[in-house]
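Not measured: the values here are computed from a predicted model. Below, each value reflects all heavy atoms present in this structure, side chains not excepted, and no hydrogens, waters or symmetry copies.
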Amino acid sequence: MAGIVPRAHSPGTDVFATPHGFFVVRSDLGCFLQAPECHSPEAVEIRGLHPACQGGEHYVGDAAGSSVCIFRGDAFHRTTDLGAAPSPDALPLHPTCRGGDHYASWGGRFSVIFLARGVVLSVADLSTGAGAKEMLLEPASCHGLYYYARDATHLAFLGVDEQRGLYSQVFSSSGHQEVFPVHADVASFLPGGLSLVHRGTFGAWECIKLIQNETDGPLPGSHEITRKVGCVEKKLANWTFSRAGSPAPADLSVALLQAQFSLPPAYGGLGLRTEQEEWEAVAEEGEELRIILQPRQKLYWWQYHLGLGNWPILFCRCLKVTRSPASPDNLPLPWSDAGDAGV
């Protein structure tokens, strides 16, 4: 089963919750998702991320208020709206609060999660490290992909497995635990989520034309090659784009698909770059070829396409010709950096 890309391998991606809902930030796409709950099928909205809010290493929402902290290096900025510019004044992170794998804010305190040590450092102030306390993470809670404060008394993490798919597990120091399935409209926005929701991606060669000479002499002739080029429009999720600054739905779909195809197979991708392909609405193109076929010769024309689930999505422009019914053994697209690195 392909998984969701963890925060550590997806710079600029994070999740948090405030009284205004559950948020997923995709700095790489320049936007964020807001939903009432991670398991809610209603009112899932996409909003534009202000340029000054992009490029954060962590995004930490206050589970009891409206404040959001954006971490960069050893400092952070505050904002109350990711669609607007944050405070220009950077606040320093205390040395004891630096280098956390995840951060959360709940109950008037901040939590710094160190997964390798299996501990949560709780502080009253990120800049001073005041009131520092540590608590152990249960072993089962040390393998989350993203951590956040669900409310003023509970931490939570996102995980994925074969049985439950993508889920949110809520826990507290008292031992209370709950598990909620993450709704498909929320999961689809996370890196790797499209593959998880739509059951995989694929790339395949398709034979679109066969011409042959069944005689014992050379055979000249004209042949029409017709192919599809472009992107098939497909609704990826039930999102709304109601506010100013939101990306255009078609632009977001293309960006999410390009990102998904670029991921390695471990996260449901193909490790291929597709930005150079034609991403406009799919259209048919015809081309006339004049060919002299040798006696008993067959020529096969192949086109490569990529898809989501069982649905072809992107028809590539490049055509390959073979003399046998076996599909080409090379790919017409370059490897992505993520695919090369196996991230």
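Ring geometry for Tyr146 against His102 counts as perpendicular: the plane angle is over 60°, on a 0 to 90° scale with 30° as the lower cut.
Here the shortest heavy-atom pairing between Phe157 and Gly144 reads CD1-CA, 3.5 Å. Contact detail for Leu252 and Cys31: the closest heavy-atom pair is CD1-SG, 3.8 Å. Considering every non-hydrogen atom in both Ser105 and Asp62, the closest pair reads OG-OD1, 3.7 Å. Across all non-hydrogen atoms, the minimal contact from Asp28 to Thr13 is OD1-OG1, 4.2 Å. Taking each heavy atom of Tyr103 and Cys97 in turn, the nearest pair found is OH-O, 2.6 Å. Considering every non-hydrogen atom in both Leu270 and Gly203, the closest pair reads CD1-N, 3.9 Å.
Considering only heavy atoms from C-beta on, Leu190 comes within 4.5 Å of Leu158 through its side chain.
Residue Arg72 places its CZ atom among more than 12 non-hydrogen atoms of other residues, nucleotides or ligands, all under 6.0 Å distant. Residue Lys234 qualifies as enclosed at atom NZ: its count of foreign heavy atoms under 6.0 Å is above 12. Within a 6.0 Å radius of CG in Asn330, other residues, nucleotides and ligands contribute more than 12 heavy atoms. By the neighbour-count criterion of 12 heavy atoms within 6.0 Å, atom CD of Glu233 is sparsely surrounded, having that number or fewer from other residues, nucleotides or ligands. Around CG of Leu210, the count of heavy atoms belonging to other residues, nucleotides or ligands within 6.0 Å exceeds 12. Shown here is Glu280, whose CD atom has no more than 12 heavy atoms of other residues, nucleotides or ligands within 6.0 Å.
Formation of a donor-acceptor pair under 3.5 Å by the Arg98 side chain with backbone atoms of Leu93 is found in this model. Proximity of a side-chain donor or acceptor of Trp279 to a complementary backbone N or O of Thr274 within less than 3.5 Å is detected. Between the side chain of Ser336 and the backbone N or O of Arg273 there is no donor-acceptor pair closer than 3.5 Å. Judged purely by atom type and a 3.5 angstrom limit, Gln303 uses its side chain to pair as donor or acceptor with the backbone of Lys228. Side-chain atoms of His39 do not come within 3.5 Å of backbone N or O of Pro181 as any donor-acceptor pair. With hydrogens and angles ignored, the 3.5 Å screen pairs no side-chain donor or acceptor of Arg164 with any backbone N or O of Val179. Listed for the Gln260 side chain is a donor-acceptor partner under 3.5 Å among the backbone atoms of Gly268. Side-chain atoms of Arg7 come within 3.5 Å of backbone atoms of Glu57 as a donor-acceptor pair (strictly under, hydrogens ignored). Between the side chain of Thr18 and the backbone N or O of Ser66 there is no donor-acceptor pair closer than 3.5 Å. A side-chain donor-acceptor contact under 3.5 Å links Gln54 to the backbone of Leu49.
At a cut-off of 3.5 Å, with distance as the only test, a side-chain donor of Tyr148 or Ser168 sits close to an acceptor on the other residue. Between the side chains of Arg47 and Ser246, no donor N or O sits under 3.5 Å from an acceptor N or O. A donor atom on one side chain and an acceptor atom on the other are found under 3.5 Å apart for Asn213 and Thr215. Between the side chains of His94 and Thr96, a donor-acceptor pair is found at a separation under 3.5 Å.
A side-chain hydrogen bond (donor to acceptor under 3.5 Å, both in side chains) with Arg317 is found for exactly one of Glu277, Glu285, Gln276, namely Glu285.
Taken together through direct or relayed side-chain contacts under 4.5 Å among Ile, Leu, Val, Met, Phe, Trp and Tyr, Val112 and Leu155 form parts of separate hydrophobic clusters. Hydrophobic clustering (side-chain heavy atoms under 4.5 Å, transitive across Ile, Leu, Val, Met, Phe, Trp, Tyr) keeps Phe180 apart from Leu33. Taking hydrophobic clusters as Ile, Leu, Val, Met, Phe, Trp and Tyr residues chained together by side-chain heavy-atom distances below 4.5 Å, Leu91 does not share a cluster with Leu82. In the hydrophobic clustering of ILVMFWY residues, with side-chain heavy atoms under 4.5 Å counting as a link, Leu331 and Val321 come out apart. In the hydrophobic clustering of this structure, Phe202 does not group with Phe261; members are Ile, Leu, Val, Met, Phe, Trp, Tyr whose side-chain heavy atoms approach within less than 4.5 Å, directly or through other members.
Judged as a side chain to side chain contact (heavy atoms under 4.5 Å, CB included), and not counting sequence neighbours, the contacts of Pro6 are His9, Leu145, Tyr267. By the ring pair (Phe, Tyr, Trp, His ring centres under 6.0 Å) test, Phe315 is found to be paired with His305, residues two or more places apart in sequence or in another chain being considered.
In summary, the aromatic rings of Tyr59 and Phe23 are positioned with their centroids too far apart to meet the 6.0 Å limit.
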Full working for side chain to side chain donor-acceptor pair (under 3.5 Å) between Thr153 and Asp151: CA-CA 6 Å; Thr153 57; Asp151 52 41; 3.2 Å; yes

Kindly indicate, with the supporting measurements, whether the criterion side-chain contact (heavy atoms from CB on, under 4.5 Å) is fulfilled by Phe71 and Asp14. CA-CA 11 Å; Phe71 289 48; Asp14 213 342; over 6 Å; no

After noting the C-alpha distance and the side-chain angles of Tyr300 and Ser327, does the key distance pass the side-chain contact (heavy atoms from CB on, under 4.5 Å) rule? CA-CA 9 Å; Tyr300 300 79; Ser327 62; over 6 Å; no

Give the C-alpha distance, both sets of side-chain angles, the deciding distance and a yes or no for side-chain contact (heavy atoms from CB on, under 4.5 Å) between Arg109 and Lys133. CA-CA 10 Å; Arg109 297 176 66 86; Lys133 301 177 183 177; 4.1 Å; yes

Checking Leu257 against Leu314 for the side-chain contact (heavy atoms from CB on, under 4.5 Å) test, could you report, in this order, the C-alpha distance in whole Å, the side-chain angles of both residues, the deciding distance, and whether it holds? CA-CA 9 Å; Leu257 287 166; Leu314 179 67; over 6 Å; no

